[in-house]
Amino acid sequence: MAATLVGGALLSATLKVLFEKMASQEVVNFIRGRKVPATLLTKLKTSCLTLSKVLNDAKEREITDTTVKEWVDELKDAVYQAEDLLDEIATEALRCQVEADFGTSTSKVRNYISTSYDRFRGKLESKIEEVVDKLENLASQTNAMGLREGVEGRSSQRFPATSVIDPETKIYGREHDEEPIVKLLLSKDVASNIHSGVIPIVGMGGVGKTTLARNIYNNQNIIEHFSLKAWVCVSEEFDVPKITKKILEAVSPQKHDNTDFNKIQIDLKNFLMGKKFLLILDDVWNEKYDDWELLSIPFKYGTSGSRIIVTTRNESVASIMRPIQIFHLNKLSKEDCWLLFANHAFENGKSDAYPELKRIGEELIKKCDGLPLAAKTLGCLLHSKLDVEDWNKILKSEIWSLPNGGGNILPVLRLSYNYLPSHLKRCFAYFSIFPKNYLFKKEKLVQLWMGEGFLQQYNKNEEMEVIGDEYFLDLVSRSLLQRSNGSKLCFLMHDLVHDLAKSISGKFCFRLEGDNTNKIIDKTRHFSYLRTKYETPEKFNVLCKAKNLRTFNSLEMEKEDEVKGTFYLTKKVPHDLLLKLRFLRVLSLSHYHNIELPESIGDFKHLRYLDVSFTEIEKLPKSTCMLLNLQTLNLSGCKFLVKLPKNMRNLINLRHLHISGTSIKNMPIHMGRLQCLQTLSKFVVGKDIGFRIEELGKLSNLRGVIVISNLQNVINSTKALEAKLKDKEHLKELTLEWDAANEIISQSERDVLNNLQPHTSLTKLVIRNYNDTGFPNWVGDSSFSNITVVHLNSCRKCSSLPSLGQLPSLQELFIFGFDEVVTVDADFYGSGSSTITPFQSLKILRFEAMLKWEKWSPYHGEGEDEGGAFPSLQELYLEECPKLSGSLPKHLPSLTKLEINECEQLETSLPTAPSIRKLQLRDCSDALLKELPPALHYLVVTGFKNLESLPEGVMDHNNCVEWLQIYDFPVLKSLPRGGLSSPTTLKYLFIRDCEEVEFPMYPCYSSLKQLEIENSCNSLKSFPLDIFPKLHYLIIERCSNMESLSVSEGHHLTDLHLLQLKIKNCPNFVAFPSGGLSAPNLSELEVSDCSLLNSLPENMHTFLPSFQILRIINCPQIESFPEGGLPSNLISLRIKNCKKLICNRMEWGLQRLHSLKLLGFGSDDPDCWDVESFPEEYLLPTTVTHLYICGFGNLRTLDNKGFQHLTSLQHLDIRVCRKLKHMPEEGLPVSISHIKIDICPLLTKRLQRKKGKEWRNIARTPFIEIIERNTSKKANQLSIHDPLYARLISPLDDLSFLKFRGRWKGPEVHRAGKPAAGSILLRLRLTDYAKKSSKILSVGDCQTPTFHC
């Protein structure tokens, strides 16, 4: 029903824009000059005016009258069409202006403009007539429907941007709900202290489940009680692999690229193992017990007392989780509901001064039905409205009595939308093209709104970005948007509010998800979808119905600060489909690695927003410069893009040019003509007129972030003044960069830097490769009170540091590569007469590569407890300062992390800093280890060549070291013993390249969770597992004398927590514990390069119930698996260079392993797998999804019978099988989606597309990857080192491209001639030096061409 609110509400804003365009001088003059009858434009205005008069009545009537609703939709469609036409007229007028102002540099471009214009002029009159006819027809229907003129519209208000209400300020009426949940979470009661107990919070939508969970999550007692906390929003789609990955990413700081669910689940289990965690699963809808059981498997490995809070609307969802206790969240009491409402409706929540409003408010609260979301939204709607009539209108609105139609949209949310100003309605409806729980960044969303034409300028002096910011903050003020729980920069939308946006947008917005393709129609204007790894043409077939699209937006649901994945898009989208969508205003194809824009991109005359960021695009088509309406061009992260089209100056409406992370070497000429430009993230200074630094001076609106490079090209320092950086008050981050390779030292560099002084509003300053001997006075001047970050990098001729200590807000300082600095003295701290404490706000300080630095002089007030420098310093890094000696600052009360690396002459005691938790010392003097900070948690020491023992204090009872890392101590004899009766805290121990050290057998090591020993402990022959009962991870590598893992006689390992065990490159290792390895939690075992080992642990099938991953590599004496076979839960098995074991493969019994999915077989010895056909029938289980075959020297055929029953196989990877010629004669299983073939030369020839004899056997596989390498040294062949990727795509998809990786040292590579129709897309990526010679033998496509240099 809420969809019925959309038409009239959005139309009023759209019609207003339409009137403005019709009245614009550009449109009027263009039509007059083209001899189009003036009556046509008059008719268009008259029709629009007639329709606008009945619009308010239509808004009211469409709520209950479907006929009016359909009429409104038709009107909106016609108005869209009229807007597109007027936009086209304005664009043609703009083309004429650009051609007149700038001229065109080539006849080709002139012809392009002329042809486009002639084509448009011939159709202009008929297009206007068509639109007028539609509008007149709709106007003629108004009487029949009884639509009245003069109906009063609803009032609305524009919230001030400064009135943003923090949604977390206060919650009401939940104290009695929060207290028992917190008590249960903190309980030490044995009965409730089971592993990973589930606590569901059940309640209806909008009742405050998420708010309550968030309050508990941020409770200080909870924070201190759990060692690990994570929040994951689940929402309606309960996709177990996706949710598992989201949880893993939430709990683990590392990036996880793996897409295999089993590996992700194992990683999550490993990470949770032994930790007391709290996990919030917000908004769960799943009612399938099996799905929950599968998701919850890793949760069982947390320590006792781990908890999972689940918020859900459905008690049956909670019941399947076998919860400790279900908490039902009821509606708020009338009193609490009033308090929440009043807090948002009245200033400071005080309503007593407005008795009449209070009376109406109390009536309104009854309609909120105790729902906090309703009360809060209604309060925001009425915020600062003091007119009784306004309150009465809302109280008496008929929306309260509308049927819900089975939906979840609250009447108060409908009201809140209905009373939005018209300019916000379109912005709000636009949120429907994003998925639920999508994270929004204000800057990007405002640029999208601007591209769509949603931002209304009331005067030309008002910046659209400022207007967009106000719109955004207005929606936040009205509680229609809220801050993300995880990031201050990100916002999200409540599920119920998103439902409203989706309902409002109706037929005009479409997000592709699941099987909803039949819902897209010809009226659809905005389209989005979530990216997947490989995008096939079938996915976009739905767009054939939507020729008038304005938005094509690819999205990804990921963390905002995370590196995105790798995606590939069928070339039919940019080269076929998009060419039919000529009304596009927003086009986003970011993160597709194989994307290329079509040469005809210039025909997209409506385009305002183009995003091809983080693609491997190498160039932009020349016609890009004809996108005269373009406002945002995002090329960030396009690392292979080396230049921009030369006529970029034509893009006179361009406001945001994002080119950070590109390889652009030169700017296009006359960038200063882009007067609207606000974002220019990079400017490369040139030497010639039109490319020089003074071009920046013409860009008066620059803001945000800019990198100015190649400053060595500023020959005349006075020209730097013409950049006018001092006038650019909206620039926040500035990088000034000279060429590092430039050996010419200019005497004017200090003058250039002096004349590049920025405005004092700057927050970040970076200076790189500056080669003068000193800095101008403005660097470090206290007037720069907003600077928080300063990086000074590779200023190799500077003999002194600038005075930076008086920058009051400086929080991060990084000084690198000052080769001539000998002393850091008083000047560094700033003016001696100043009363300001030097570096009063500094939190992070890093000195690195200071090759001549000898002395760090203390601040003159250093001896005093109060008033010393660096009072707020938390992290200090000193690296590669080989001559530094003397003392360091002593009084650092806030220091928590200290790293000193490669400072060999520094022999002072460490700073007095009782808060130090992390200490890293590498290649330093032994003296630094004499006295360690008392509260260390993390200690890394490396490269102490002469040290025979560590200080005993490391393991004393008053120390709390949890992480100890000891590398490269060639004469170290022993580790600290610690107090015999002291409680131990050490959990992680890493020993590498300490060959003489005695392995520690002391009680203080008994609580270890992770132990890694590499090339150390030569005396260690048998590792005693029973001494380390809490060990989770054990890796022993390159320990030449290690012979066995052992258990003391009479000791049983029933409580062993071992999760992962790796024995690598231990040539004398021969035995696991007698009787087997009783480790119920062990999930992963690897034995590699153990040449004497002849058997795996006994009784694996019974002793290892959690076992999932097994790797056996280069263990030639192992002949068979243990009696009873492998554990039934095994998921992944890899065997390489184990000839005896391979010979007995028919006895492996893999068929009974019903969980086995990943199988890898390989060898470096061509005769190890002495088979001509593989795999044998019934050797492999039907459950296998990934099969890897490598180094089968005599393999000729993939066995047909062996593959027939592999009905789950999805990925087949075959490498270095040089004699292989035949695929299975009856083809591969239909389940296969991806084939990779690497160095199988005979097979490659037979797989040529359509011509190859084996082509038919793989032709229906969607994605095929062929890699071929050749070591011949013939001339004129492309030589590379890294793998060459040639992807051949079957007839089901044309996603095809050829990719080289390697650095080509030789002549420039070209492709001869123009590609034939249907030929593949060729890409060259040259990155690493060539060591071997390779060439493409042939690349399958329609013509099967061979490419040579």
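Computation of the quantities below employed the complete heavy-atom set of this structure, encompassing side-chain atoms and omitting hydrogens, waters and symmetry-equivalent molecules. Only a predicted model underlies this, so the values are computations on that prediction, with no experimental measurement involved.
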Visitor: Would a 4.5 Å heavy-atom cut-off, applied to side chains only, mark K572 and L577 as touching?
Guide: no
Visitor: Please tell me if the side chains of T1207 and S1231 come closer than 4.5 Å, counting only heavy atoms from C-beta onward.
Guide: no
Visitor: When I1118 is tested against each of L1093, I1135, I1142 for side chain to side chain contact (heavy atoms under 4.5 Å, CB included), which residue passes?
Guide: L1093
Visitor: Please round to the nearest 0.5 Å and tell me the distance separating atom NZ of K1062 and atom CG of L1034.
Guide: 11.0 Å
Visitor: May I ask you to say whether E1254 pairs ionically with K1221, meaning some side-chain N is under 4.0 Å from a carboxylate O?
Guide: no
Visitor: Looking at H1205 and L1180, what are the two nearest heavy atoms and their distance?
Guide: NE2-O, 2.7 Å
Visitor: About how many Å separate NZ of K263 and CG of L248, when rounded to the nearest 0.5 Å?
Guide: 9.0 Å
Visitor: Between S1106 and Y301, is there a side-chain donor-acceptor contact under 3.5 Å, judged purely by atom types and distance?
Guide: yes
Visitor: Aromatic contact between F1192 and F1161, with the criterion being ring centroids under 6.0 Å apart: yes or no?
Guide: no
Visitor: With a 4.5 Å limit on heavy-atom distance, are the side chains of N270 and S1083 in contact?
Guide: yes
Visitor: Looking only at heavy atoms, which two atoms of C1217 and I1214 are closest? And how far apart?
Guide: SG-CG2, 3.9 Å
Visitor: Less than 4.5 Å apart, side chain to side chain, heavy atoms only: is that true for L1212 and T1261?
Guide: no
Visitor: What's the separation between atom NE2 in H1101 and atom CG in L1153, rounded to the nearest 0.5 Å?
Guide: 12.0 Å
Visitor: Look only at the side chain of S296 and the backbone of E293, and say whether a donor-acceptor pair between them is shorter than 3.5 Å.
Guide: yes
Visitor: Tell me whether D1238 is salt-bridged to K1236, with the criterion being a basic N under 4.0 Å from an acidic carboxylate O.
Guide: no
Visitor: Indicate yes or no for a side-chain donor-acceptor contact from R1152 to the backbone of L1126 under 3.5 Å, with no hydrogens or angles considered.
Guide: yes
Visitor: Show the nearest heavy-atom pair for residues C1168 and S1163, with the distance to one decimal.
Guide: CB-OG, 2.9 Å
Visitor: Between the main-chain N or O of W1169 and the side-chain N or O of N1194, is there a donor-acceptor pair closer than 3.5 Å?
Guide: no
Visitor: CG/L1141 to CG/N1094 distance, rounded to the nearest 0.5 angstrom?
Guide: 12.0 Å
Visitor: Should the pair K1136-D1164 be classified as a salt bridge under the 4.0 Å nitrogen-to-oxygen rule?
Guide: yes
Visitor: Of all the heavy-atom pairs spanning F1203 and P1229, show the shortest one and how long it is.
Guide: O-CG, 3.4 Å
Visitor: Nearest heavy-atom pair of C638 and I617: which atoms, and what distance?
Guide: SG-CG2, 3.7 Å
Visitor: Regarding H1186 and Q1210, is there a side-chain donor-to-acceptor distance under 3.5 Å anywhere?
Guide: no
Visitor: In sequence, state the C-alpha distance, the side-chain angles, and the governing distance for L1059 and K269, and then conclude on side-chain contact (heavy atoms from CB on, under 4.5 Å).
Guide: CA-CA 9 Å; L1059 184 67; K269 183 182 79 171; 3.8 Å; yes
Visitor: Any side-chain heavy-atom pair from S554 and Y529 closer than 4.5 angstrom?
Guide: yes
Visitor: Hey, mind stepping through F1103 and L1077 against side-chain contact (heavy atoms from CB on, under 4.5 Å) and telling me if it holds?
Guide: CA-CA 7 Å; F1103 283 2; L1077 189 63; 5.8 Å; no
Visitor: Distance from I1239 atom CD1 to R1215 atom CZ, nearest 0.5 Å?
Guide: 9.0 Å
Visitor: Quick one: are T244 and V240 in side-chain contact, heavy atoms under 4.5 Å?
Guide: yes
Visitor: Of the non-hydrogen atoms in K539 and L530, which two are nearest, and what is the gap between them?
Guide: NZ-O, 3.1 Å
Visitor: L1228 versus I1235: any side-chain heavy-atom pair under 4.5 Å?
Guide: yes
Visitor: Can you classify the ring geometry of F567 versus H591 as parallel (below 30°), tilted (30 to 60°) or perpendicular (above 60°)?
Guide: perpendicular
Visitor: Hey, does P1181 have a side-chain heavy atom less than 4.5 Å from the side chain of L1159?
Guide: yes
Visitor: Output, in order, the C-alpha distance, side-chain angles, deciding distance and verdict of side-chain contact (heavy atoms from CB on, under 4.5 Å) for E1176 and D1199.
Guide: CA-CA 7 Å; E1176 291 87 345; D1199 191 270; over 6 Å; no
Visitor: Tell me if a side-chain donor or acceptor on Q1204 pairs with a main-chain N or O of E1226 at a distance below 3.5 Å.
Guide: no
Visitor: Is the backbone N or O of K1064 less than 3.5 Å from a side-chain atom of E1086, with the two atoms forming a donor-acceptor pair by type?
Guide: no
Visitor: Y592 and E535: side-chain donor and acceptor closer than 3.5 Å?
Guide: yes
Visitor: Can you tell me how far apart OH (Y568) and NZ (K533) are? Round to the nearest 0.5 Å.
Guide: 5.5 Å
Visitor: Give the intermediate values and the outcome of side-chain contact (heavy atoms from CB on, under 4.5 Å) for residues V1184 and L1150.
Guide: CA-CA 10 Å; V1184 170; L1150 300 183; over 6 Å; no
Visitor: Keeping N1144 on the side-chain end and E1119 on the backbone end, is there a donor-acceptor pair under 3.5 Å?
Guide: yes
